[in-house]
Each structure stands twice: as structure tokens, then as C-alpha cells.
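These notes are about the structure you will find just below.
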There are 2 protein chains.
Amino acid sequence: MPKPDVDPTRSLDLRVDRSSPVPLYFQLSQQLEAAIEHGGLTPGSLLGNEIELAARLGLSRPTVRQAIQSLVDKGLLVRRRGVGTQVVHSQVKRPLELSSLYDDLEAAGQRPATKVLVNTVLPASAAVAVALGVPEGGDVHRVERLRLAHGEPMAYLVNHLPTGLLDLDTEQLEATGLYRLMRSAGITLHSARQSIGARAATAGEAERLKETEGAPLLTMQRTTFDDTGRAVEFGDHIYRPTRYSFEFQLLVRP
Amino acid sequence: MPKPDVDPTRSLDLRVDRSSPVPLYFQLSQQLEAAIEHGGLTPGSLLGNEIELAARLGLSRPTVRQAIQSLVDKGLLVRRRGVGTQVVHSQVKRPLELSSLYDDLEAAGQRPATKVLVNTVLPASAAVAVALGVPEGGDVHRVERLRLAHGEPMAYLVNHLPTGLLDLDTEQLEATGLYRLMRSAGITLHSARQSIGARAATAGEAERLKETEGAPLLTMQRTTFDDTGRAVEFGDHIYRPTRYSFEFQLLVRP
DNA sequence: TCAATGTGTATGTCCGGACAATCGGACTAC
DNA sequence: GTAGTCCGATTGTCCGGACATACACATTGA
């Protein structure tokens with residue numbers, strides 16, 4: 001008969017620094033997350049009740065709950081009333097975020113390269129005007145980029161942005177991703193509406209992507225909004241499906 | 001000069017029923033969400049501070065905060081310290097959930113039809129075994145379905161499931177979606193890992209979907225996990241891109 | 001043997017209060 | 001006029017406590 005489970009957080013050396021400006025609940029959640037990541041807390045193990053954990057750390061129960069809740073929201077923990085809080089059996093890695101292709105590639109160690117083909121300001125077409133919520137015919141930025149990895153074209157990216165939000169420097173666009181530029185310009189991204197589909201390549205697209213006409217392409221259209229609800233970007237992207245696919249993890253909201 | 005903004009929740013007739021078993025914070029969040037949905041709270045408007053709102057409803061501030069927080073998590077509200085809580089400028093509709101194709105179609109009013117082509121148990125191939133975390137060669141369910149809308153084929157769905165979780169009745173599979181079956185069998189879905197791509201149709205696929213060989217297809221592979229971390233389903237789906245695309249909204253987690 | 005009942009334990013909900021951090025605007029000083 | 005400073009307003013964090021509720025397990029009963 002196996003020894004009854006002991007609280008695995010007991011052997012974890014959890015500590016909080018009350019002089020730090022970092023919120024206590026955040027300190028705790030980070031340590032718990034690190035422990036889960038590094039195997040200190042094994043999948044399926046029970047965390048031991050909140051009251052005792054709070055007492056041991058010298059925290060209040062609401063603070064401990066806030067820490068745990070943030071990890072539940074991330075999908076790392078599961079709470080069961082009357083039972084306890086358990087570590088989810090791994091598999092959870094990247095709970096779908098608003099990823100830029102650039103970051104995705106970089107994270108995959110691919111050292112992405114970007115070639116800006118067009119960077120101009122022109123009157124908004126009807127479709128662009130609707131997507132961005134600007135008057136038709138008004139000025140908008142248009143950026144066309146070819147993204148490469150290992151010298152091979154991976155995607156062709158067309159983006160439209162309202163003017164006045166940020167200045168689109170071609171050099172910067174080639175050095176980093178569009179989202180990073182927007183973030184560093186003080187724009188707080190909030191949400192995006194995406195549509196992913198597929199279609200056959202036109203002759204022009206085929207040439208740019210080194211594909212053949214009629215070859216299947218992966219398409220993505222996206223409108224991104226900041227936290228005031230303004231549309232800050234409208235993208236129309238095509239990807240070579242042999243080189244790229246959308247991978248993500250998503251959580252069932254309880 | 002416009003009249004200074006008054007708290008728009010004042011004109012909202014918010015009430016909570018303390019005799020109801022529904023949590024107070026949930027009652028409040030539902031009413032606020034309904035008000036946002038129906039225009040009672042217009043985008044961009046400030047909500048008025050939490051303290052006063054709590055006082056007016058006879059609730060404590062933590063309870064009101066919990067209600068507001070849940071809407072912030074949904075992307076409907078934005079909080080700014082020192083400023084207040086505002087309604088996001090709409091556009092937010094469906095914050096990407098683990099959607100079944102069946103539910104998607106039904107929500108779109110398409111009355112989906114399902115034709116079960118294969119419903120059997122067979123030894124797991126290597127790929128299926130890895131995805132489901134079961135021994136290779138062990139028994140697994142295999143289900144192949146053709147999904148139609150308006151009589152036209154839309155998708156070809158191949159799914160593998162571990163045995164012993166639920167009994168897959170062909171009739172039920174044709175009457176509803178797989179996810180609904182799993183849920184009603186007491187399985188609590190937790191997360192899923194998805195991969196969306198594109199490729200050309202093979203001859204066999206083309207025939208089943210009324211496409212031509214080489215036509216672009218949208219593909220999705222998905223492994224779904226329950227809250228104990230078990231893989232409960234592995235799906236390999238192909239969609240006709242002229243009939244279906246993946247549409248979803250996603251939030252930037254703060 | 002199996003179903004109904006009780007019991008302990010853990011999370012879920014809720015309260016009332018306190019202080020800190022930050023934002024925006026008004027005011028002041030140069 | 002411009003920059004810096006102060007101040008009110010609002011959310012962010014944290015506390016300590018209380019009771020409700022649901023689950024797992026043991027006990028009891030048919």
C-alpha cells in the first residue's frame with residue numbers, strides 16, 4: 001500500500017518577498033508555475049489545501065487563491081471542490097496567444113528574414129475601409145512583406161494600418177515584426193478577429209512564393225484591435241502550407 | 001460643452017436576488033453582459049466606480065470586482081487604474097472556444113447533416129497511439145464521418161478515441177456532434193492542441209468531397225484532453241475551403 | 001451485495017476594511 | 001509657455017474571517 005500522498009508543495013521552498021514591489025500573488029504563481037515546469041510538481045499531484053499553504057507562507061487565503069486562480073486560467077491547474085487542486089497532466093504549452101509570425105519563427109529558432117516589398121500610403125479601398133473603420137478613400141498605410149526562413153519564402157503578408165498611429169520605418173519592419181513595432185509605439189493590443197482558410201495560388205502569388213499556379217495556399221485574414229476598440233491593423237496573409245501551419249493550444253473555458 | 005458623463009449603470013435597473021443559488025457575482029456579470037449586448041451600456045462608456053456600484057447593489061466590493069473581472073477576462077471590459085472601467089468598442093463576439101464543427105454549423109443556421117461512414121474498433125497505428133497516449137496496436141475507436149450542409153459535403157472527419165470512455169452509437173453520431181456526446185458522457189473537456197494547414201486533395205478525398213484531385217483543402221488535426229490530462233480524442237479533418245473557414249476571435253492576455 | 005446515509009475536507013462564495021499604485025487634470029514655478 | 005508638482009479619483013493588492021457547497025469515503029441499512 002503506497003504511502004498516502006503528502007503535500008508536494010512542502011518540499012518546494014516557496015517564499016515571498018514582502019519588500020518587493022511584485023505582488024505577492026504573482027510571486028507565488030510564478031514559483032508554482034516554475035515548479036510545474038521543472039518537475040517539482042508532477043502532473044496529477046494534489047497541491048494541498050489553500051488554508052495550510054497560506055499559513056505556511058504567511059499569506060492570506062485570498063492571496064493564495066488569486067495565485068492559484070491565475071494558473072487555473074492558464075490551464076496548468078484544475079480545482080475540484082471537496083477534492084483539491086491538481087496539476088494538469090502536462091501537454092499544455094502555449095495557450096494560443098496573438099502570435100506574430102515573426103515571433104513564432106524566432107521561437108522555433110528559424111531566424112526569420114523579412115523583405116519589405118511595399119511601404120506606402122494610399123487611399124483605402126472599400127474592404128480595407130470597412131475592416132479598419134476608416135472612411136473609404138482616406139489615407140492608410142499599406143505594407144507588403146515577404147517572409148523567409150532559411151532563404152526560402154514562407155509567407156506573403158499584406159497589411160493595412162490607419163495613419164497616425166505609428167511611423168512605419170522600412171528598416172525597422174525588416175528587423176522585427178509588426179506587432180513588436182506597435183507594442184513599442186505604446187499601442188496595447190487587445191483582441192483580434194481571425195479567419196483561416198485555403199485556396200489555390202494565383203500566378204502572381206505562385207511566383208512570389210516559389211510555388212506553382214494552383215498550388216494550395218493557407219490564408220489568414222486578421223483585424224487587430226487595441227483596448228479602446230480601434231482597429232489598428234488589417235492583415236491579409238498567405239502561407240506556403242508545406243512550410244507553415246497554425247499550431248496552438250486552446251482551453252475550454254469553464 | 002457636453003454634459004459630464006454620468007455613471008451609465010445608474011439607469012440600468014441592476015438587481016441581485018440573494019435567495020437565488022446563483023452566485024451574486026455571476027448574477028451581476030450576466031446583467032452587465034446583457035446590458036452591453038443590448039446597448040444599455042454603450043462602447044467606450046465608463047462604468048462608474050466599483051465602490052459606489054457595490055453600495056448601490058448592497059454588495060461588497062470584492063463581489064463586484066469578481067463580476068467585473070469575469071467580463072474583463074471575456075474581453076468585454078477594460079480596466080484602467082486611476083481612470084475606471086470602460087466598455088470595449090464592440091467587435092468582440094466569440095472568444096475562440098473549443099468549437100465543434102457541428103455546433104458551428106448549427107449556430108450559423110445551416111442544419112448540419114452527418115453521415116457515418118465508418119464506426120469500428122481497430123488496433124492503433126503508431127501515429128494514433130502517440131497522439132492518444134495508448135499502446136501501439138491496442139484497441140481504439142475509429143470513426144469516419146462526412147459532414148454536409150444543404151446536401152453539399154463540407155468536411156471529411158476522421159476521429160480516433162480510446163476505448164472504454166463512451167460507447168459510440170452510430171445513430172447518435174449522426175444526430176449530434178462528437179463533443180456533445182463526450183460531454184453528456186461525463187467527460188469534462190479541458191484543452192486541445194490544434195494544427196491547421198492546407199494541402200492538395202488526393203483522388204479519394206476529392207471524390208468524397210465532390211472536389212477535383214489537387215484542389216486545395218483545409219486541414220485540421222486536433223488532440224483533445226480532459227481535465228485529468230488524458231487524451232480523449234484525436235481528429236484528422238479536411239474541409240472544403242470554399243465552404244468552410246476557421247473564424248475566431250482571440251484575446252491578448254494581459 | 002448493494003444502495004442510502006452520514007461525515008470530513010476542500011474549494012466556492014461573500015463580507016468589510018485598509019493601504020498602495022497609478023492616471024489625469026489643475027496648479028505652480030521657472 | 002513649458003515643465004514640474006500636487007491632488008483627487010479609481011483600480012490594484014492584501015488581510016482575516018464566515019458560511020455554503022460539493023466531493024470522497026466510511027458507515028449503515030435493506
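Keep in mind that the numbers below use all heavy atoms, side chains included, and drop hydrogens, waters and symmetry copies. Chain naming here is simple, since letters A, B, ... match the order of the sequence lines and numbering starts at 1 in each.
- Side chains of A:Asp17 and A:Gln27: no donor on one and acceptor on the other come within 3.5 Å.
- Under the 4.0 Å criterion applied to side-chain N and carboxylate O atoms, B:Lys74 and B:Glu33 are assigned as salt-bridge partners.
- A search for side chain to side chain contact (heavy atoms under 4.5 Å, CB included) contacts involving A:Ser195 returns B:Ser245, B:Glu247, not counting sequence neighbours.
- Taking the side-chain hydrogen bond (donor to acceptor under 3.5 Å, both in side chains) definition, one finds that B:Ser60 meets it with B:Thr63, sequence neighbours left out.
- A:Leu57 places a side-chain heavy atom less than 4.5 Å from the side chain of A:Leu14.
- By the ring-ring contact (aromatic ring centres under 6.0 Å, His included) test, B:Tyr25 is found to be paired with no residue, residues two or more places apart in sequence or in another chain being considered.
- A donor-acceptor contact closer than 3.5 angstrom is absent between the side chains of B:Arg15 and B:Gln31.
- Note: CD (B:Gln69) to P (C:dT13) measures 14 Å, nearest angstrom.
- For residues 53-67 of chain A, proximity to DNA chain C is found at A:Arg61, A:Arg65, defined as any non-hydrogen atom under 4.0 angstrom from a strand atom.
- Taking A:Glu52 as the reference, A:Asp7, A:Arg10, A:Asn49, A:Arg56 meet the side chain to side chain contact (heavy atoms under 4.5 Å, CB included) condition, with sequence neighbours excluded.
- With sequence neighbours excluded, the residues forming a side chain to side chain contact (heavy atoms under 4.5 Å, CB included) with B:Arg61 are B:Glu50, B:Ile51, B:Arg65, listed by chain and number.
- For B:Arg18, the side chain to side chain contact (heavy atoms under 4.5 Å, CB included) criterion is met by B:Leu24, B:Leu59, not counting sequence neighbours.
- Residues from residues 14-28 of chain B with heavy atoms under 4.0 angstrom of DNA chain C, sorted by number: B:Arg18, B:Pro23, B:Leu24, B:Tyr25.
- In summary, contact between chain A and DNA chain D, defined as any nucleotide atom under 4.0 Å from a heavy atom of the protein, begins and ends at D:dT13 to D:dA24 in the 5' to 3' direction.
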Distances for protein N or O near nucleotides 23-26 of chain C N or O, under 3.5 Å:
residue	atom	partner	partner atom	Å
C:dC23	O4'	B:Arg81	O	3.2

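- For C:dA10, neither phosphate oxygen OP1 nor OP2 lies less than 4.0 angstrom from any side-chain nitrogen or oxygen of A:Thr85.
- By the salt bridge (charged side-chain N to carboxylate O under 4.0 Å, His left out) test, A:Asp227 is found to be paired with B:Arg80, residues two or more places apart in sequence or in another chain being considered.
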Contacts table for residues 163-173 of chain B: side-chain donor-acceptor under 3.5 angstrom, sequence neighbours left out:
residue	atom	partner	partner atom	Å
B:Asp169	OD2	B:Glu171	N	3.4
B:Asp169	OD2	B:Gln172	N	3.2
B:Thr170	OG1	B:Asn119	ND2	2.9

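- A:Asn159 is not listed as a side-chain neighbour of A:Phe234, based on a closest heavy-atom distance of 4.5 Å or more.
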